[in-house]
Amino acid sequence: MSEEVVQPESFAFDAESEAQIEKILKRYPPGKQASAVIPLLYVVQRQMKRVTGSAWVPVKGMDAVAARLGMAPMRVYEVGTFYFMFNMKPIGTYHLQICGTTPCWLRGSDEVLRACKDAAHVSGYGQTSEDGMFTLSEVECMGACVNAPMLCVDDDYYEDLDYESTVKLIEALRRGERPKPGSVIGRQTSAPEGGPLTLTDVPGE
Amino acid sequence: MAKVTVDGIEVEVPNGVSVLQACEAAGKEIPRFCYHERLSVAGNCRMCLVEVEKAPKPIASCAYPVADGMKVFTDSEMVRRGRRGVMEFLLINHPLDCPICDQGGECDLQDQAMAYGLDRSRYMEEKRAVKDKYMGPLVKTIMTRCIQCTRCVRFATEVAGVPELGATNRGENMEIGTYVEKALTTELSGNLIDICPVGALTSRPYAFVSRPWELRKTDSIDVLDATGTNIRVDTRSGEVLRILPRTNDDVNEEWMADRGRFAFDGLKRRRLDRPWIRKNGKLQPASWAEAFAAIAAKLKGVPGEKIGAVAGPLVDAEAALALRDLMAALGSRNLECRTDGAAVDASRRDFYTFNTGIAGIEEADALLIIGANPRIEAPVINARIRKRAVAGGFPIGFVGPRGLDLTYGHDWLGEGGVTLRALAAGTHRFNELLRVAKKPMLILGRGALARADGEAVLAAAWKIAAGNNMLQPEWHGFNLLHHFGGQVAPLDLGFTGGLAVGLEVLWLLGAEPPALPEGAFVIYQGHHGEAAAGRADVILPGAAYTEKDATWVNTEGRVQHGRLAVYPPGEAREDWKILRALSELLGHRLPYDTLDALRAKLAEANPVFAGHGFVPHGCADTSGPTGDPTAVSDAPFALAVTNYWQADPISRASATMAECARVYGAPQARLAAE
């Protein structure tokens with residue numbers, strides 16, 4: 001555990017989280033509530049984002065999940081620290097997650113990384129910019145290979161990036177805007193660039 | 001049953017056992033790190049690879065069930081190559097610090113590296129280093145040595161019932177620890193040291209003390225709780241350096257409680273190592289001859305009925321018999337061993353023993369605990385109860401303080417007398433559960449008898465047993481849980497006449513009675529000087545449990561023999577020999593000169609001492625002890641042992657236990673705060 005992290009004194013689910021938890025717990029049969037540990041950790045992380053502006057999971061939050069699900073706190077710590085989707089220390093307002101897996105890398109994720117470093121003023125992976133706006137992470141394949149390279153900002157995918165479009169995206173984020181997620185070159189979902197090539201006609205017409 | 005051929009040896013094993021167990025049945029040793037027969041199977045170290053005919057790859061034998069007709073090869077080229085590869089991977093991040101590692105010489109990794117390790121490393125990259133974790137004053141951690149077998153995680157979760165250890169982070173960053181730094185809240189933490197196959201978890205008090213091959217190993221019995229844990233005392237040059245459990249499936253399996261394991265440094269401190277005589281109001285060192293002369297002079301002219309003897313909780317059967325015989329020769333019938341005031345009825349053996357047996361707990365199907373906290377009174381027995389509770393179908397009712405963490409779920413029925421009377425009358429809701437059970441049992445804490453209405457509590461508990469199908473010809477579900485290993489033997493020897501008032505001479509054999517008669521001449525014989533020794537007129541230095549060949553009776557009534565591991569310090573002597581020597585001077589020579597002769601007398605005094613061990617028994621006579629079951633007062637049951645770490649003179653003298661008491665605080669206070 002990182003010692004330098006200042007943990008909050010307490011954590012309690014707010015009304016919005018409670019509503020989400022109620023919905024989540026209904027998905028699992030009685031006695032199997034512990035299965036909800038990952039969704040509930042997301043609830044904690046989102047609540048932290050709402051309340052403090054930084055999406056992370058404090059120890060007290062994991063304790064709250066453990067208490068809610070009747071698990072030993074240690075079992076929640078194990079899950080929470082295992083998955084890199086849960087941030088164990090405070091992060092910046094925007095979490096820039098660059099996919100560095102082979103398809104994205106071949107299609108130029110290094111340029112996206114360079115753009116992030118330049119525009120967001122982050123020194124490298126795992127770092128947060130001095131203004132506290134951006135935290136940079138390298139992630140494994142997010143499943144958007146067709147539109148590689150990609151950058152995931154919090155929960156939104158931005159695809160078909162290059163250096164310029166990444167810089168533009170980050171500057172928009174800095175201004176508080178939230179550009180429309182998806183392909184930045186106007187690609188329709190995962191269709192070929194310039195529009196669909198197959199299934200363009202409807203048979204029988 | 002499945003027929004399995006292991007290296008050409010055909011064995012028949014039950015269906016569902018693992019290939020590893022089949023190999024063991026065939027006498028083949030399989031190397032392993034993560035597999036432990038008393039824990040769940042993890043299958044993550046991969047050291048136990050074997051080849052199975054028609055299987056394309058080597059398989060992890062610990063996690064693979066046998067099939068009929070299976071042909072297993074434990075020493076083929078594929079197996080050897082596989083294990084060598086696994087070993088190479090394990091050693092990638094394992095430091096080469098064996099010369100400074102406390103596990104050296106008894107390390108599974110070291111031993112198996114001798115068989116499967118390469119003689120050089122091909123690894124040129126950086127090794128990983130892991131920050132050491134704090135796990136309390138008993139367990140020292142050097143986490144870089146950890147090979148992540150997760151035995152400790154499984155032990156803490158499954159056996160100790162404190163799921164505080166876990167594996168955090170992932171991949172190369174995976175670490176074993178508590179995540180949030182804290183001392184493990186278990187009385188069984190020492191076992192983590194035993195089950196750790198490498199030097200990641202080692203004993204903090206034993207750190208850098210000795211190498212295993214320097215130690216002389218003596219089999220003995222732990223007496224610091226009433227479990228009767230089988231132990232091995234490791235000594236070097238007349239000093240106890242550590243105590244480890246021995247495997248005995250009927251008693252402690254292979255576990256041991258922390259107090260018994262770590263309190264031994266108290267054997268070296270605050271010892272009575274020479275006789276003392278009070279002269280002019282001050283205790284002054286004396287020789288044995290002077291001490292005996294002073295006693296002889298005092299006893300001359302004191303009528304037998306003015307002499308009394310009290311046996312303490314850590315007294316061996318030999319000493320108790322010798323003192324009893326000496327008192328009989330002097331004409332005294334003032335004997336007492338229940339210094340805590342517990343109204344134990346010694347008239348019949350099953351009134352004061354743990355009749356179900358510790359192993360018998362696993363057969364029981366309902367449990368009622370009255371006025372005991374087995375977790376701190378007998379942690380190993382508590383682990384057995386937990387084992388049974390985890391298996392399911394085991395309702396547990398508890399009468400005593402509310403909110404105790406026994407490491408298993410229990411149904412809190414009430415605080416004291418009111419609930420007990422209802423249970424005895426058969427009107428409590430828990431009676432329903434007991435009545436439908438086939439083998440119900442109850443555990444009565446000795447502490448519950450140490451109150452004014454103790455006799456009535458005992459009678460009520462017996463009545464609950466009798467009225468709820470616990471006393472059957474083939475099943476005895478009435479159990480008294482004692483606190484120390486020397487509490488049953490004096491009861492077996494009838495050390496229970498009670499003390500008359502106005503005693504002129506009082507002999508304390510390691511006893512610390514709550515009040516001493518005014519003006520009496522007090523002889524204190526024992527190994528640690530506490531309040532009673534300070535008040536004594538003559539002090540005779542005795543031997544502690546590691547320093548004598550002695551017979552111990554645990555709470556079950558199991559007779560076991562401990563052996564002398566080190567000689568008593570200074571001029572201290574074995575207790576029965578002191579009594580035997582003095583008896584000659586007093587003109588009442590005790591009729592035994594050797595241990596064998598004394599043991600023959602023991603067997604004469606009570607036939608149980610002729611045997612050894614514990615005989616499972618039913619209840620032939622359901623008539624209860626004297627006492628009125630309805631006379632139980634409303635008072636709640638207070639727990640007898642509140643400070644687990646410092647419950648007896650040896651642990652009170654121990655620096656390790658003092659540190660534990662400081663870190664953990666009184667367990668009761670901790671539970672209340674949580």
Side-chain angles (χ1 to χ4, degrees), chain A residues 1-11 30-35 37-38 40-41 44-45 56-91 97 100-101 125-127 137-141, chain B residues 40 42 44 129-136 139 141 143 146 148-186 189 192 386 389-390 392-393 403 405-410 673-674:
Chain A
M1 181 182 159
S2 330
E3 289 73 17
E4 66 272 23
V5 175
V6 181
Q7 296 281 344
E9 292 287 307
S10 64
F11 180 92
K32 308 282 182 196
Q33 263 67 27
S35 302
V37 60
I38 290 176
L40 255 61
L41 283 169
V44 172
Q45 187 156 296
W56 70 294
V57 182
V59 171
K60 290 285 176 198
M62 293 194 274
D63 289 345
V65 171
R68 182 60 58 93
L69 301 179
M71 302 168 76
M74 189 65 224
R75 299 283 92 85
V76 181
Y77 304 155
E78 286 181 323
V79 175
T81 57
F82 183 86
Y83 292 104
F84 60 75
M85 297 80 176
F86 300 118
N87 302 307
M88 290 293 124
K89 49 186 184 184
I91 60 162
Q97 301 155 76
T101 311
Y125 287 132
Q127 303 298 314
S137 299
E138 183 177 30
V139 294
E140 301 305 325
C141 182
Chain B
S40 65
N44 55 10
V130 183
K131 208 164 164 245
D132 294 342
K133 309 287 186 294
Y134 175 77
M135 287 192 192
V139 181
T141 67
M143 295 316 281
C146 176
Q148 296 160 350
C149 67
T150 69
R151 272 189 190 178
C152 53
V153 176
R154 284 173 285 146
F155 175 85
T157 308
E158 293 162 17
V159 178
V162 285
E164 295 169 359
L165 273 179
T168 52
N169 297 318
R170 55 147 72 184
E172 199 185 14
N173 299 318
M174 178 173 148
E175 293 183 13
I176 302 287
T178 49
Y179 194 63
V180 180
E181 185 171 290
K182 63 184 284 195
L184 291 177
T185 53
T186 171
S189 61
L192 295 170
R386 180 180 151 78
V390 168
D405 178 4
L406 296 178
T407 72
Y408 39 82
H410 58 270
E674 274 171 8

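Every chain is numbered from 1 and lettered A, B, ... according to where its sequence line falls, protein lines coming before strand lines.
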field: Segment of B/T157 engaging chain A (4.5 angstrom heavy-atom cut-off)
entry: side chain

Contact summary for A/M74 and B/E164, nearest pair of heavy atoms: SD-O, 3.3 Å

field: Shortest non-hydrogen contact between A/R75 and B/V153, atoms and distance
entry: NH2-CG1, 3.6 Å

- request: Inspect the surroundings of OH in A/Y83 and state if more than 12 heavy atoms from other residues, nucleotides or ligands are less than 6.0 Å away.
  value: no

- prompt: How many angstroms lie between CD in A/E78 and CG in B/L165, if you round to the nearest 0.5 Å?
  reply: 9.5 Å

message: Which heavy atom of A/M88 sits nearest to which heavy atom of B/Y179, and what is that distance?
response: SD-OH, 3.5 Å

message: To check you understand the geometry: which heavy-atom pair defines the closest contact between B/N169 and A/F82, and what is its length?
response: O-CD1, 4.0 Å

